[in-house]
Visitor: 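If you scroll down you'll find the structure; I have some questions about it.
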Amino acid sequence: MNLNIFKSTLIHEFYPKRGDLMYKILFTIFLFISFHPADAQIVASDKIIGEWINEEKDTRIEIYRNGEEYFGRLMWAEDLFESDGRTSRKDLRNNNEKLRSRNLLHINLLNNFVFSEDLWDNGKMYDPRSGKTYNCLIRLRNGKMEVRSYVGIPLFGRSTYWDPIVLKNP
């Protein structure tokens, strides 16, 4: 009789009930998912994804992610189309002669930004009005996107502040 009590206690110690084991597994999975710091990094880095309008309210770009880098493509501008209203203007001021025949609609104005500690850096901004490309960094400040373009170091650059475009539900 004493041996049976010993066996019973031994079995329950080393082989818990199936329900207890399931709760432990689920709890462990929940903890892993809830406190995984990489998920927080992804959410913070994607805050700039979407459409933005510049300070002058004459240019809209769409920020998107490709791999680990962020880009911004031209979606609309006041002077984007020829007088017929349908034909996209060409990139005539581009320093690269081979690119002067491309349409301005949907070209990337912001290229190769990498997120690190609340800053999207190491990117380039192309200005189709001048045909020049500048070093650039992006930050979010009070719900606006600060786009700082510069030659050399950011200290001697110029910042513009873009507003997010909030799409209304139909």
Side-chain angles (χ1 to χ4, degrees), residues 23-80 88-100 102-170:
Y23 285 123
K24 288 178 183 179
I25 291 171
L26 289 174
F27 182 74
T28 304
I29 291 171
F30 172 76
L31 281 178
F32 180 77
I33 292 171
S34 297
F35 299 108
H36 198 284
D39 293 337
Q41 179 82 354
I42 291 169
V43 171
S45 66
D46 287 349
K47 285 184 178 179
I48 63 169
I49 291 178
E51 288 195 28
W52 299 81
I53 191 162
N54 68 346
E55 283 178 322
E56 296 83 15
K57 308 292 187 227
D58 64 358
T59 303
R60 283 173 64 168
I61 65 160
E62 176 189 26
I63 304 287
Y64 66 96
R65 181 179 179 172
N66 187 0
E68 296 300 315
E69 295 180 325
Y70 294 82
F71 299 84
R73 88 177 113 229
L74 180 63
M75 299 304 289
W76 173 84
E78 280 187 3
D79 58 351
L80 184 60
S88 175
R89 292 191 186 269
K90 303 294 181 194
D91 192 9
L92 299 176
R93 293 190 177 101
N94 198 307
N95 290 334
N96 183 341
E97 288 184 31
K98 293 177 184 176
L99 297 177
R100 291 182 184 166
R102 71 179 176 170
N103 291 331
L104 288 175
L105 181 62
H106 297 144
I107 66 165
N108 283 339
L109 300 181
L110 302 173
N111 293 291
N112 307 105
F113 287 84
V114 178
F115 181 76
S116 176
E117 299 178 23
D118 297 330
L119 177 73
W120 293 262
D121 202 1
N122 300 322
K124 301 281 184 186
M125 182 180 89
Y126 174 66
D127 177 12
R129 292 182 180 135
S130 68
K132 295 181 181 177
T133 301
Y134 300 94
N135 294 324
C136 190
L137 60 86
I138 298 172
R139 288 187 191 115
L140 289 178
R141 294 186 186 267
N142 301 322
K144 293 183 180 258
M145 182 171 68
E146 177 189 5
V147 179
R148 184 158 188 84
S149 55
Y150 60 93
V151 176
I153 60 172
L155 179 65
F156 299 117
R158 177 178 176 268
S159 290
T160 60
Y161 295 88
W162 298 24
D163 293 310
I165 296 176
V166 180
L167 302 175
K168 297 177 183 174
N169 291 336

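Sequential numbering from 1 along the given sequence is applied to the chain's residues.
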Visitor: For atom CD of Glu56, decide whether the heavy atoms of other residues, nucleotides or ligands shown that lie under 6.0 angstrom number more than 12.
Guide: yes
Visitor: Is a donor on one side and an acceptor on the other found under 3.5 Å between the side chain of Tyr70 and the backbone of Ser45?
Guide: yes
Visitor: Using side-chain contact (heavy atoms from CB on, under 4.5 Å) as the criterion, point out the one residue from Asn112, Leu110, Ile61, Leu109 that pairs with Phe71.
Guide: Asn112
Visitor: Side chains of Ser159 and Glu146: is there a donor and an acceptor less than 3.5 Å apart?
Guide: yes
Visitor: Does atom CZ of Arg89 have more than 12 heavy-atom neighbours, drawn from other residues, nucleotides or ligands, at distances under 6.0 Å?
Guide: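 Yes, enclosed.
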Visitor: Distance-only, no hydrogens or angles: does the Trp162 side chain make a donor-acceptor pair with backbone N or O of Glu51 under 3.5 Å?
Guide: no
Visitor: For the pair Val151 and Lys132, evaluate side chain to side chain contact (heavy atoms under 4.5 Å, CB included) and give the outcome as yes or no after the intermediate values.
Guide: CA-CA 11 Å; Val151 176; Lys132 295 181 181 177; over 6 Å; no
Visitor: Do Asp127 and Arg158 sit within salt-bridge range, that is, some charged N less than 4.0 Å from a carboxylate O?
Guide: no
Visitor: Looking at Lys57 and Asp163, is there a salt bridge between them, counting it only when a charged N and a carboxylate O are closer than 4.0 Å?
Guide: yes
Visitor: Any sub-3.5 Å donor-acceptor pair from Asn96's side-chain atoms to Lys98's backbone N or O?
Guide: yes
Visitor: Under a 4.0 Å N-O cut-off, is there an ion pair linking Arg100 with Asp91?
Guide: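 Between Asp91 and Arg100 there is no salt bridge, as every charged N stays at least 4.0 Å from the carboxylate O atoms.
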Visitor: Would you say the side-chain atoms of Tyr64 and Asn108 include a donor-acceptor pair closer than 3.5 Å?
Guide: yes
Visitor: Is the side chain of Ser88 donor-acceptor paired with the backbone N or O of Leu105 at a distance under 3.5 Å, no angle test?
Guide: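 Here the side-chain-to-backbone pair exists.
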